[in-house]
**Student:** 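Okay, here's the structure, questions in a sec.
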Amino acid sequence: MLLSIQVLLSTAALIASGRCSSHTIPVPSFPKNSSPVPRDLQSISIEFAYFPDYAGNKSHPNKFSKNLLQNFKSITGVAPKVRVGGTSQDHAIYFPDQEENVKLFYRNPTDDQPIQINYGPTYFESYHTLGKIKYVHGLNMNQNYSTEQLELAATEACTSIGPQLHLFELGNEFNFAPGKYRAANYSLLDYAEEWNTKSAIIKSAVQKACPGSFPGFMAPSFVLLDFIVKTSWTAEELYNLGYDKDNLTKEMCFHNYMGVNSPPLPPAQLDLQRTLMNHTKIVQNLAAQIKRSENLAYLGLPYTLGELNSIANQGVNGETNVFSDALWLVDFSLWAAVHGIKRLHFHQGLNYRYASWQPIESKGISPTTRPPYYGQIMVASAIGKSKDTRIVSIPLSEDTESAYAIYNGNRLSELVITNMRAFNQTTSGHRPHREYQFRVPSQHKSARIDRLIGPGSDALDNITFGGISYDHALEEGKPVQRHSNEETRIKNGLLTIEVPDSSAVLITM
């Protein structure tokens with residue numbers, strides 16, 4: 001089936017309502033002061049309670065999820081890492097005699113997350129259904145009545161997951177602990193001492209059960225954003241208090257969201273442009289993470305965002321499940337990569353409004369590839385298979401646009417441009433566009449154009465990248481070519497490109 005007529009016409013009718021950049025934009029000839037971007041920058045976080053829904057089990061593996069993850073490996077040469085954790089990991093209790101893989105208990109049937117998760121040995125079958133994936137496995141720091149239970153959970157994880165176990169994660173967003181998991185006067189020092197004690201217990205138990213080198217931890221897994229949690233805790237002070245005195249942490253991990261899904265909610269259309277499709281907001285949002293990574297660089301550990309997505313509390317329909325979120329994801333990911341953040345674990349959960357895909361039918365929602373997935377695929381395609389990909393931001397003048405130069409070593413190989421001006425799919429008339437002219441090294445004579453495009457910023461479906469659909473309904477998430485790519489000539493070092501409103505483009509030279 002061909003792409004919808006609306007999308008094709010929107011792309012073809014670029015000569016109408018266009019806006020030109022006022023000058024030729026120079027592209028740096030080489031990536032000064034940049035560092036290689038890991039090929040697994042685009043990685044995944046899955047809510048602990050819903051991991052079996054995403055992965056399936058040995059008798060019923062989830063082929064859809066496996067295909068979607070395999071697409072990343074086909075593009076970059078490496079599989080994304082998958083973190084299994086989130087809020088529900090600190091409500092998850094391991095029962096070695098439980099036959100069911102997982103039992104979920106909800107306060108209200110319509111809640112996004114259960115209040116208690118009981119899981120047994122067969123839960124770990126899900127770690128062997130998605131291919132050769134490396135996992136970060138979440139452990140419950142909240143439960144405080146039995147270190148034996150913590151030891152059992154950790155040793156079962158190491159024996160069952162085996163060499164696919166990348167790291168452990170002890171506790172999720174424990175800077176929420178005062179007044180929630182612990183007494184109101186629970187301090188940062190209390191946390192450091194508790195984490196040190198429990199991490200040592202885990203290491204000892206795992207080394208007995210699984211001889212060899214201990215995998216280590218991703219930590220501290222704090223979300224340090226004032227609009228989410230008011231706290232005097234800081235990561236810098238945490239490490240001054242003797243946190244991780246045994247050097248068990250292998251990767252630093254913090255969480256990040258652009259805002260919070262809580263009443264009163266602004267109209268989704270307003271928030272699309274103000275919060276997500278807004279380069280200035282992305283820069284402001286990531287500034288604290290970038291500063292923190294600089295402050296903690298002396299530790300010599302990779303800085304990751306072990307859980308992130310657009311709007312916290314599982315997102316907002318009409319805002320985070322639509323095409324605008326894909327454009328946000330592209331700009332956010334590339335800005336993070338420019339500033340040395342090594343991996344981004346975009347959080348997923350069953351029926352979550354910001355999820356990249358719905359893995360199974362649930363609450364009347366069929367298995368579906370959602371718009372954010374296409375943004376992830378575009379970023380993965382920009383990184384590619386090179387082990388020496390470097391990215392440089394190209395400054396543009398408006399909040400609603402961004403551009404990046406991608407290099408293979410010191411050689412310019414690609415450009416990414418996002419035009420985040422909102423265009424509603426129901427808007428009548430031609431779709432506006434912007435025209436850009438870039439000056440590139442003269443040896444480049446032609447380029448391939450891969451567009452990330454859909455009917456509009458509020459579109460739920462009919463989305464492609466590079467003319468390819470990854471919809472469940474076509475080939476269970478495998479790539480299906482729906483229309484051909486474009487090519488353009490580069491004349492005397494000048495590359496001209498038209499980018500429709502609410503779309504992005506990857507130019508490969």
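Side chains included, hydrogens not; waters and symmetry mates left out as well; all remaining heavy atoms used. Counting begins at 1 with the first residue of the sequence.
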**Student:** Please indicate whether Lys66 has more than 12 foreign heavy atoms, meaning atoms of other residues, nucleotides or ligands, lying under 6.0 Å from its NZ.
**Tutor:**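 Atom NZ in Lys66 is not crowded, with 12 or fewer foreign heavy atoms closer than 6.0 Å.
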
**Student:** Do Tyr470 and Phe64 have their ring centres less than 6.0 Å from each other?
**Tutor:** no

**Student:** Ignoring hydrogens and geometry beyond distance, is a side-chain donor-acceptor pair present between Tyr186 and Glu194 at under 3.5 Å?
**Tutor:** yes

**Student:** Assess, by modelled atom type and distance only, whether the side chains of Asp244 and Thr249 contain a donor and an acceptor separated by less than 3.5 Å.
**Tutor:**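 Judged by distance alone, the side chains do pair up.
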
**Student:** If you measure only the distance, is there a donor-acceptor pair under 3.5 Å linking the side chains of Tyr404 and Asp331?
**Tutor:** yes

**Student:** Going by distance alone, is a donor N or O of one side chain under 3.5 Å from an acceptor N or O of the other, for His166 and Glu251?
**Tutor:**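 Yes, side-chain donor-acceptor contact under 3.5 Å.
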
**Student:** Check this for me, if you would: do Arg353 and Asp112 make a salt bridge, where the nitrogen-to-carboxylate-oxygen distance has to be below 4.0 angstrom?
**Tutor:** yes

**Student:** Between Tyr373 and Trp357, how do the two ring planes meet: parallel, tilted or perpendicular, split at 30° and 60°?
**Tutor:**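 Answer is perpendicular, since the angle exceeds 60°.
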
**Student:** Take the angle between the ring planes of Trp328 and Phe332 and call it parallel below 30°, perpendicular above 60°, tilted in between.
**Tutor:**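 Tilted, since the angle between the ring planes falls between 30° and 60°.
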
**Student:** Under 6.0 Å from the ring centre and within 45 degrees of the ring axis: does the NZ or CZ of Arg292 meet both conditions for the six-membered ring of Phe254?
**Tutor:** yes

**Student:** Tell me whether the centres of the aromatic rings in Tyr127 and Phe51 are closer together than 6.0 Å.
**Tutor:** yes

**Student:** Would you please say whether a donor-acceptor pair under 3.5 Å links the side chains of His345 and Ser45?
**Tutor:**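 The answer is no; no qualifying pair exists.
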
**Student:** Has the side chain of Glu173 got a donor or acceptor atom that lies under 3.5 Å from a matching backbone atom of Phe222?
**Tutor:** no

**Student:** Counting N and O atoms only, with roles assigned by atom type, does the side chain of Asn57 sit under 3.5 Å from a partner on the main chain of Ser126, one being a donor and the other an acceptor?
**Tutor:**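 Absent.
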
**Student:** Are the side chains of His255 and Leu308 in contact, using a 4.5 Å heavy-atom criterion?
**Tutor:** no

**Student:** Do the ring planes of Phe168 and His137 sit parallel (below 30°), tilted (30 to 60°) or perpendicular (above 60°)?
**Tutor:**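 Phe168 vs His137 ring planes: perpendicular.
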
**Student:** Is the backbone N or O of Cys253 less than 3.5 Å from a side-chain atom of Ser221, with the two atoms forming a donor-acceptor pair by type?
**Tutor:** no

**Student:** Does the ring centre of Tyr374 sit less than 6.0 Å away from the ring centre of Phe465?
**Tutor:** no

**Student:** For the side chain of Asp111 and the backbone of Gln113, is there at least one donor-acceptor N/O pair under 3.5 Å apart?
**Tutor:**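 Not confirmed, Asp111 side chain does not pair with Gln113 backbone.
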
**Student:** Any side-chain heavy atom of Asp461 sitting closer than 4.5 Å to one from Ile463?
**Tutor:**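 A side-chain contact is absent here, since even the closest heavy-atom pair is not under 4.5 Å.
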
